[in-house]
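Letters A, B, ... mirror the listed sequences (proteins, then strands); counts begin at 1.
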Amino acid sequence: MKLNEPQEQAVHTIKGRVLVLAGAGSGKTRVIVHRIAHLISRGVDPQSILGLTFTNKAAAEMRHRLESLIGANVGKQVTLCTFHSFCMQVLRKEIERLGYTNQFSLYDERDMNRLIQQLTREMLGHDGELPSLGPTKAALTNAANRGQTAEEGTWHDSFSKDLYGRLTSSLRAYNAVSFDSLISLAIQLFEEHPAVLERFQERYQYLMIDEYQDTNPAQFRLAELLSKKYQNLCVVGDDDQSIYGWRGAEVKNILNFKADHTIKLEQNYRSTSIILEAANAVIRNNQNRYDKKLWSANQKDEPIEVFNAPTDIDEANAVINRIIRLHDQGLKWKDMAILYRSNALSRQFEVALMQASWQKEGKWMRGIPYEVFGGLEFSERSEIKDLLAYLRAIANPLDQEALLRIINVPRRGISDAYLDQLTQANRSSNTPLWNVLEKAAGEKKALSAFVDLMKEAALRFKTPPLADTLTWLIDKINYKKAIEEEVKSEKMRAFKWENVQECVNALAQEEGGSLQDFIANTTLNRQTMQNKSKKGHEDKVHLMTFHSAKGLEFPACFLVGLEDGILPHEKSMMQTGLEEERRLFYVGITRAQKHLTLSMARTRMRMGKTSPTNPSRFLFEIPKTLYKVADHKIFA
DNA sequence: TAAATCCGCCTTTTT
DNA sequence: GGCGGATTTA
C-alpha cells in the first residue's frame with residue numbers, strides 16, 4: 001500500500017527536528033520503519049541511526065518490520081532498543097568514569113524494595129514500626145527520574161530525602177544501578193564528559209523516538225543531549241495515548257516540542273469506522289488533550305460486542321468460545337488478543353485456554369496455544385532468582401543483595417545470627433561485605449568453602465561456554481538435592497528442575513555475550529529467558545496488559561474485566577487520575593482492527609473472595625448505536 | 001539450626 | 001489465596 005501524503009512527508013523530512021503527531025492506527029510504526037529505510041537509501045549509514053522505544057515489545061516489533069522491509073543484514077545494523085537498554089549499553093562501556101566498575105549490577109524493583117526496607121529499618125531502629133513506603137518510593141523514583149541528588153530534589157519530608165541519599169550511596173557501594181538511575185547516570189556521564197557525549201553524537205546522527213508522549217524528564221534530557229550536535233531528532237507520538245504518567249512521563253514534552261517540521265497523521269488505517277467512532281467518543285471526554293480529527297475510510301462492518309457474564313470464570317469461557325469461533329472462521333490464533341488492565345487478570349483466561357476443546361480438520365484438540373506477555377512469573381520463580389543471584393554475585397562481588405540471597409542457599413550452615421554479625425562489621429567498617437567474608441573465611445569452614453566456591457566460579461566464568469560452567473555450578477552447590485529436600489510435591493520438583501534447565505538453556509543462547517550481558521538482558525527484558533528458547537512470531541493467542549499492547553494491533557481484540565475498580569483502577573484516582581485511565585481504554589479499543597469485544601463479570605474473585613462488580617463507567621461513553629449487548633453464552 | 005506456623009500485605013500499569 | 005518475612009516450636 002502506498003503511503004499517504006502526510007506519511008510521505010514524515011518519511012522524507014530527514015533533517016532537523018521533526019514532530020510527528022500520529023493518531024492511533026495512523027501507520028506510525030510504518031512511517032518510522034519507512035523513514036529509516038529512506039534514510040539508508042539516501043546514503044545514511046544504518047549504524048548511525050538510533051531508534052528508541054519504551055517497551056521491549058515495541059522495539060522487537062519495529063525490528064521485525066524493518067528487517068522484513070530492508071532485509072535482516074542491513075536492518076540489524078540499525079540500533080533499535082528501549083531507552084533503558086540503550087543506557088545499559090552506554091554505561092557498560094563508560095561507567096568507570098563515574099566511579100563504578102563495568103561489572104555493575106542492575107537492580108530491579110524487588111532488589112530496590114528490599115534495599116529500601118533494609119535502609120529504613122536501619123534508620124528507624126529495629127523495633128520501630130515501618131512506615132508505609134508507597135509515597136516515599138514515588139518520591140524517590142521522581143527524584144531519580146529527574147537525575148537529582150538528595151540536595152536538589154523536592155521532598156515532603158526529611159525522611160525521604162535522607163533515605164534517597166543513603167540509597168544512592170548504597171547502590172554505589174554495591175556497584176549497582178537501578179532502572180531509574182540507568183538513565184540519569186547516562187545523562188550524568190554525558191554532561192560530565194563532553195568527549196564521550198560527542199562520540200555518541202557522532203555515532204548516532206539520526207535519532208528517532210517512538211511514543212514520545214511517554215518520555216519522562218530524564219529521557220527528554222537524554223534525547224536533547226544526543227541530538228544536540230546534529231539536531232536530527234524525529235519524535236513520534238500521540239497525547240491521547242499517554243499512559244505512563246505514573247512513571248513520571250510528561251505529556252508537555254510532546255506538546256511543547258520545538259519542531260522545525262510538524263506533521264499530523266490523522267487517517268486511521270487500522271480499525272473499522274465503528275471501532276474508531278467508539279474510541280473517539282470515549283476519548284472526547286478528556287479535557288486535557290489536543291482536539292484532533294482521526295478519521296477512517298474503512299467501512300462500518302460489524303458492531304462491537306459487549307457482554308456481562310455472571311462470574312469471572314464464565315467471562316473467560318465466553319471469551320474463549322468466541323476465540324474458537326473466530327478461529328473456525330479462518331482467523332489465526334495469533335490474530336487474536338486478550339487485553340486487560342492488570343496482570344493478575346490473565347489467570348482465568350489461561351485456565352480456560354488450556355482446557356478449551358476445538359476441532360482441527362474434524363479432530364478434537366485440547367488446549368489453545370497462547371502466550372502471556374509481561375507478568376513476572378518466570379524470572380520471579382525462586383529457583384531462577386537463586387541462580388541469577390549466584391551469577392550476579394559472581395560477576396559483581398560487591399552486589400550485596402545478591403550475595404545475601406545466596407550465601408546460605410542451598411543451606412550450608414551460615415546462620416542468620418552469624419550473618420548479622422558479619423554485616424554489622426561490614427557496615428561499621430564501611431568495607432564491602434565480600435571483603436569481610438574473605439577476611440572471616442578462616443573462622444568458619446562453611447564460610448571458607450563458600451568464598452572458595454565463588455572465587456573458583458568467577459575464574460571459570462571467564463572462559464566460555466558459560467552454560468557449561470553454570471551446569472558445573474549447579475552441580476557443585478548440589479542444587480538438585482536442595483530442590484528435592486525443599487519441595488514436597490513431585491510435580492513441583494520436576495517443574496522447578498525444568499526451570500533450572502531452562503535457565504541453563506537461556507544462558508547457552510547468549511553465545512558470544514558475557515555473563516554481564518546475560519544478567520543485564522534478563523533483568524531488562526522479562527521475556528528473554530522464556531522467549532529465547534521459543535520462537536518469536538508463533539501462532540498463539542496473545543495475552544497482555546493494555547500497557548504492553550500499545551503500539552500493537554490485532555484483527556480481533558477482547559478487552560476484558562471492564563469493571564469499575566479495575567478500569568478505571570481504584571488506585572489510579574489519587575495518582576494519575578481518571579483521564580489517564582480513559583486513555584488506557586482508548587489505547588485498548590484502538591488495538592482492534594475488525595472485531596472488538598468488551599466484557600466484564602458481575603462477580604469476581606478478588607484476593608480469595610467473591611465480590612459483586614459494576615461495569616466500567618467508560619462503557620457508558622460509547623454510543624449505543626455502535627455496540628450490541630450479547631448474552632455471554634449466545635453468539636451474536 | 002531447621003521446620004512449622006502465623007501474619008500481613010498484596011495487585012496497577014514497565015524498564 | 002499466595003508469598004515473603006517473622007515468630008514460635010521441635
- Using a cut-off of 4.0 Å between protein heavy atoms and nucleotide atoms, how would you tag nucleotides 3-10 of chain C 5' to 3' with B, S and -? -SSS----

- Task: Mind checking salt bridge (charged side-chain N to carboxylate O under 4.0 Å, His left out) for A:K252 and listing every partner two or more places apart, or none if nothing turns up?
- Result: A:E250

- Note on the structure: salt bridge (charged side-chain N to carboxylate O under 4.0 Å, His left out) filter on A:D314, not counting sequence neighbours, yields none

- Message: I want to know whether A:Y244 and A:H547 have ring centres closer than 6.0 Å.
- Response: yes

- Query: When the distance from CG of A:L80 to P of B:dT15 is rounded to whole Å, what number comes out?
  - Reply: 16 Å

- Message: If I take atom CE in residue A:M605 and atom C1' in nucleotide C:dG2, what distance separates them, rounded to the nearest angstrom?
- Response: 12 Å

- Query: Could you give the NE2-to-C1' distance, from A:H547 to B:dT13, as a whole number of Å?
  - Reply: 4 Å

- Between B:dT11 and A:N343, is there an OP1 or OP2 to side-chain N/O distance shorter than 4.0 Å? no

- Distance, rounded to the nearest Å, where A:Y244 contributes OH and B:dT14 contributes P: 6 Å

- For atom CD of A:Q89 and atom P of B:dT15, their distance in whole Å: 16 Å

- Which part of the nucleic acid, if any, lies within contact of A:F546, taking any heavy atom under 4.0 Å across all strands shown: a base, the sugar-phosphate backbone alone, or nothing? nothing

- Non-neighbouring partners of A:E553 that pass side-chain contact (heavy atoms from CB on, under 4.5 Å), sequence neighbours left out: A:R270, A:Q593

- Query: With A:S342, which residues qualify under side chain to side chain donor-acceptor pair (under 3.5 Å), at least two apart?
  - Reply: none

- Aromatic centroids of A:F86 and A:Y204 separated by under 6.0 Å: yes

- Just to confirm, is there a sub-4.0 Å distance from OP1 or OP2 of B:dT15 to any side-chain nitrogen or oxygen of A:S85? no

- Side chain of A:H569 (C-beta onward), nearest among B:dT14, B:dT11, B:dT15: B:dT11

- Of the candidate nucleotides B:dT15, B:dT14, B:dT11, which contains the atom at the shortest distance from the side chain of A:H84? B:dT15

- Query: Would you say A:T82 reaches B:dT14's phosphate, i.e. side-chain N/O to OP1/OP2 under 4.0 Å?
  - Reply: no

- Item | Side-chain N or O of A:N56 closer than 4.0 Å to phosphate OP1/OP2 of B:dT15 | yes

- Rounded to whole angstrom units, what separation is found between the CG atom of A:D210 and the C1' atom of B:dT14? 15 Å

- Message: For A:E579, give me all partners under salt bridge (charged side-chain N to carboxylate O under 4.0 Å, His left out), at least two apart in sequence or on another chain.
- Response: none

- Rounded off to whole Å, could you give me the CD-to-P distance for the A:E579 and B:dT13 pair? 22 Å

- Among the candidates B:dT11, B:dT15, B:dT13, find the nucleotide nearest to the side-chain atoms of A:T55. B:dT15

- Here the distance between atom P of B:dT14 and atom CG of A:L339, to the nearest Å, is 12 Å

